[in-house]
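Notes for the one structure printed next.
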Amino acid sequence: MSQQQQMGGQPMVILGEDSQRMKDRDAQSHNIAAAQAVSESVRSTLGPKGMDKMLVSSMGDVTVTNDGVTILGEMDIDNPTASMVVEVAETQEDEAGDGTTTAVSIAGELLSNAEDMLEQDIHPTAIIRGFDLAAEQAREEIDEVSRTVDPDDTDLIRNVAETSMTGKGAELEKDVLAELVVDAVQAVTVDADDGETVVDLEYVNVETQTGSAAGDSELLEGAVIDKDPAHAEMPTSLANAEVLLIDEPIEVEDTDADANLQLDSPDQLQNFLDKEEEQLREKVETIAESGADVVFCQKGIDDLAEHFLAQEGVLAASRAKKSDLAFLREVVGAEVVSDLDALASGALGAADVRFDDEEELFYVEGTDEESHGVTLLLRGSTDHVVDELERGIGDALDVVAQCVSDGRVLAGGGAVEVEVARRVREFADGVSGREQRAVKAFADALELVPRVLSENAGLDSIDTLVDLRAAHEDGNGTAGLDVFTGDVVDTFDAGVVESAHAKRQALSSATEAANLVLKIDDIIAAGDLSTEGEEDAGGPGGAPGGGMGGMGGMGGMGGAM
Ligand code: ADP
Ligand code: MG
């Protein structure tokens, strides 16, 4: 690697001693290899038969997951190109809540195919243009092959929920959980004035509780708050209570924070304490006089104030989460009060409030007409189980909400990919020059999905693809892979239904990432540019490392097909 530029025969030094530089093919190969390492690290998790990964952080925390974005998020990646691919997964997660593994896998496959074209001296600009053309066409074809979903078609929507839970912790109790997800989304779905269907997921809160089976999870009206009453003498069950939400502490206000208190006699101390007690008593009186029976406070409550509140028969909880307060505001129809002295009538909300001793949870059900909000209470035996459950359910909520508002769904199990690939190949015939190669390479990359689904199910991916292509040539646009039997079936009818929005987004993110990597022809690094980064990208701390090499081989085979 040259750190010098030639100028009039004289070497001109423009980079520092330690910096390194890679150009053109070297730079491209380096970047492509890094991006592929990331892509290959998640491929083995794709689909219902995908494997899980165990991630061990530097602190020793263990996460077991199958979720692409979680895996990449927990991996300690310090290669800049690899990080760009990780961003694809994050964008996908933010935009769609699902399809992260698909997006990252396709990005890697696009780059693998690009590498072949670069080998044959096709200029990156032509490849990028071809990929862009193909991606745009593919998105159009997705719209073309997608079907409309009626927001009231509970069976179809449940299929979407179940498909999105595939391979996640939520899968074990898929029946129960998919039902809950659908109910939750339908509970917050409204028909807007302009005829659009609007789903407001802010009104769905997800709360987790360890100690029982995932199948015991439930959907509740209102909020569930994981807090204890501030004082043992407080009431624990109040029907039609007035609820105060407050985000300032119910404590003594230190008027002069830094002033030293000079106490010369026990009387003075007593006097001082009396004043403090007086202040707290006044605060509690203000609360009681407002008519509040229940108080959720985001900050601390002084011990003495807790005692006074208990004496007044008020149920209070301190240090509630800010997000809980925001949700409670919707549920009970209250304002969040910041200053007790300015407590206005009408700031309080109304709810039935019950504290469950055994579960150590508050159940708050709004009784106001304005009240809205439901809580998905997810249960699982251990923290690991509920964490993975929460991720899966969160994604399913996003996906189902999207399907209901976007109204478009697709046949999964590789069906849509094979169909869109077929259509993009037809489109390629009308594209001239070197871009045509890239458009076809894009179509090939889409078929990575059925190939990997098949591979992960222990099937022969070449056979699978041949069968699928044949079915689509015969006009079966929804023919996909049943990963459990290895047969080609109509996956739409079989209930493997995906969100069209997530798929469109996955193709966009994958193309963007691949093109971003291809555009780079020069790497100038301030430090060492060894291949260390690539290895890091492939090996999270405690992941079973063996899989990586094997996946590399599969990627190679993929490129050849
Ligand atoms: P992603 O992170 O991309 O969502 P997943 O591991 O969730 O990755 O796998 C999604 C893929 O698995 C999709 O292509 C989907 O169609 C497919 N899939 C899900 N359930 C089934 C099923 N029962 N049979 C076949 N394919 C399925
Ligand atoms: Mg998924």
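Numbering of residues begins at 1 and proceeds along the displayed sequence. As the structure lists them, so they are numbered: ligands from 1, and atoms in each ligand from 1. What you see below is based on every heavy atom in this structure, not just the backbone, and it leaves out hydrogens, waters and symmetry mates.
- For the 3.5 Å distance criterion, the side chains of His123 and Thr125 qualify, holding a donor opposite an acceptor.
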Next on the checklist: For a side chain to side chain contact (heavy atoms under 4.5 Å, CB included) check, start with the C-alpha distance between Leu111 and Leu518, then their side-chain angles and the critical distance, and finish with the verdict.
Outcome noted: CA-CA 8 Å; Leu111 285 169; Leu518 287 173; 3.8 Å; yes
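- Of the N or O atoms in Asp482, none lie within a sub-3.5 Å distance of an N or O in ligand 1.
- Per-residue contacts place Thr101 under 4.0 angstrom from the following atoms of ligand 1 (heavy atoms of the residue considered): 1 (P), 2 (O), 3 (O), 8 (O).
- In this structure, Glu109 CD and Ser105 OG are separated by 9.0 Å, a value rounded to the nearest 0.5 Å.
- Of the heavy atoms in Val449, only side-chain atoms (C-beta onward) come closer than 4.0 Å to ligand 1.
- Counting heavy atoms from C-beta outward, Arg147 and Thr478 have side chains that approach closer than 4.5 Å.
- Atoms CG and CZ, on Leu110 and Phe131 in that order, are 4.5 Å from each other to the nearest 0.5 Å.
- Contacts with ligand 1 closer than 4.0 Å are made by side-chain heavy atoms of Val496 only, the backbone lying farther away.
- Residue contacts with ligand 1 include Val483, since one or more of its heavy atoms lies under 4.0 Å from the ligand.
- Annotation for Glu218: atom CD counts as buried by contact number, over 12 foreign heavy atoms lying within 6.0 Å.
- A salt bridge (Lys or Arg N to Asp or Glu O under 4.0 Å) check over residues 470-491, counting only residues at least two apart or in different chains, returns nothing.
- Considering backbone and side-chain atoms alike, Glu498 places an N or O below 3.5 Å from some N or O of ligand 1.
- Using a 4.0 Å cut-off to heavy atoms of Thr45, the atoms of ligand 1 that qualify are 6 (O).
- Between atom 8 (O) of ligand 1 and the options Asp98, Leu46, Val497, Asp395, the minimum heavy-atom separation is to Leu46.
- Those atoms of ligand 1 with a heavy atom of Gly99 less than 4.0 angstrom away are 1 (P), 2 (O), 3 (O), 4 (O).
- Every atom of ligand 1 is numbered from 1 in the order shown, and the set under 4.0 Å from a heavy atom of Gly413 is 15 (C), 16 (O), 25 (C), 26 (N).
- Each side chain to side chain donor-acceptor pair (under 3.5 Å) pair with one or both residues in residues 408-435, not counting sequence neighbours, appears once here: Arg129-Glu435, Glu141-Arg423, Ser146-Arg408, Thr148-Arg408, Glu417-Lys503, Glu419-Arg422, Glu419-Arg423, Glu419-His472, Arg422-Glu426, Arg425-Asp444, Arg425-Glu447.
- With ligand atoms numbered from 1 in the order given, ligand 1 contributes 24 (N), 25 (C) to contacts under 4.0 Å with heavy atoms of Leu481.
- Every atom of ligand 1 is numbered from 1 in the order shown, and the set under 4.0 Å from a heavy atom of Gly412 is 16 (O).
- Side-chain contact check for Leu177 versus Leu180: some heavy-atom pair is nearer than 4.5 Å.
- The Mg ion (ligand 2) lies under 2.8 Å from an N, O or S atom belonging to Asp98.
- Considering backbone and side-chain atoms together, Thr100 places an N or O closer than 3.5 Å to an N or O of ligand 1.
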